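Notes follow once the structure below has been shown.
The shown structure was predicted, so the numbers you read here are calculated from the model rather than taken from an experiment.
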Amino acid sequence: PTRRSSDLVMQKLSGIITSSIKIISYSPLLMRFQLTDRRQQKYNMLIHTHALRFFQEARPGSALTALVRPNQRGQMVVRQFTVFNAEVLV
């Protein structure tokens with residue numbers, strides 16, 4: 001079954017990065033990580049847009065708010081993000 005682009009709605013997710021950040025492709029640069037929200041729901045996340053900035057700012061344990069769109073495999077593709085590192089929140 002194919003999905004229409006209208007079925008794949010942007011949504012906002014917030015949570016903590018609960019895995020290592022893995023580079024799964026260098027060309028194009030593509031990374032994956034797991035985000036866990038307050039309800040302990042886990043999301044598999046992919047990031048391509050602004051991946052270098054994300055790699056500089058984010059760490060396992062960082063709080064993250066992201067605007068995402070699900071792909072056909074059920075992974076959340078990050079379009080925009082804000083990282084809140086623990087040092088900032090002290």
I'd like to know if Leu52 and Ile23 are part of one continuous hydrophobic network [Ile/Leu/Val/Met/Phe/Trp/Tyr, side-chain heavy atoms within less than 4.5 Å]. yes
For residues Val9 and Pro70, report the shortest heavy-atom separation together with the two atoms involved. O-CD, 3.4 Å
CZ (Phe81) and CG (Leu13) are apart, to the nearest 0.5 Å, by 14.5 Å
For Ser20 and Pro60 the tightest heavy-atom approach is CA-CG, 4.0 Å
Tell me whether Gln11 at atom CD has more than 12 heavy atoms from other residues, nucleotides or ligands lying less than 6.0 Å away. yes
Just checking, any donor-acceptor pair under 3.5 angstrom between side chains of Gln75 and Asn71? yes
Can you tell me how far CD1 of Ile47 sits from CZ of Arg79, rounded to the nearest 0.5 angstrom? 10.5 Å
Closest approach of Ser14 and Asp37, non-hydrogen atoms and distance? O-CB, 3.4 Å
Restricting to non-hydrogen atoms, name the atom on Met45 and the atom on Val68 that form the minimum distance, rounded to 0.1 Å. CE-CG1, 3.7 Å
When rounded to the nearest 0.5 angstrom, what is the spacing between CE in Met10 and CD in Gln80? 6.5 Å
With the side chain counted from C-beta on, respond yes when Leu46 and Met76 share a heavy-atom pair under 4.5 Å apart, and no when they do not. no
How far does CG of Leu35 sit from CD1 of Ile16, to the nearest 0.5 angstrom? 8.0 Å
Rounded at 0.5 Å granularity, tell me how far CZ in Phe84 sits from CG in Leu64. 8.5 Å
On the 0 to 90° scale, with breaks at 30° and 60°, tag the Phe33-Phe54 ring pair as parallel, tilted or perpendicular. parallel
In one Ile/Leu/Val/Met/Phe/Trp/Tyr side-chain cluster, 4.5 Å: Ile17, Tyr43: yes
Do Arg73 and Asn44 have side chains that approach each other closer than 4.5 Å (heavy atoms only, starting at C-beta)? no
Report yes or no: does His48 contribute a side-chain atom to a donor-acceptor pair with the main-chain N or O of Leu29 at less than 3.5 Å? yes
In this structure, NZ of Lys22 is separated from CE of Met31 (nearest 0.5 Å) by 13.5 Å
When you group the ILVMFWY residues by side-chain heavy-atom contacts below 4.5 Å and let the links chain together, are Ile21 and Leu30 in the same group? no
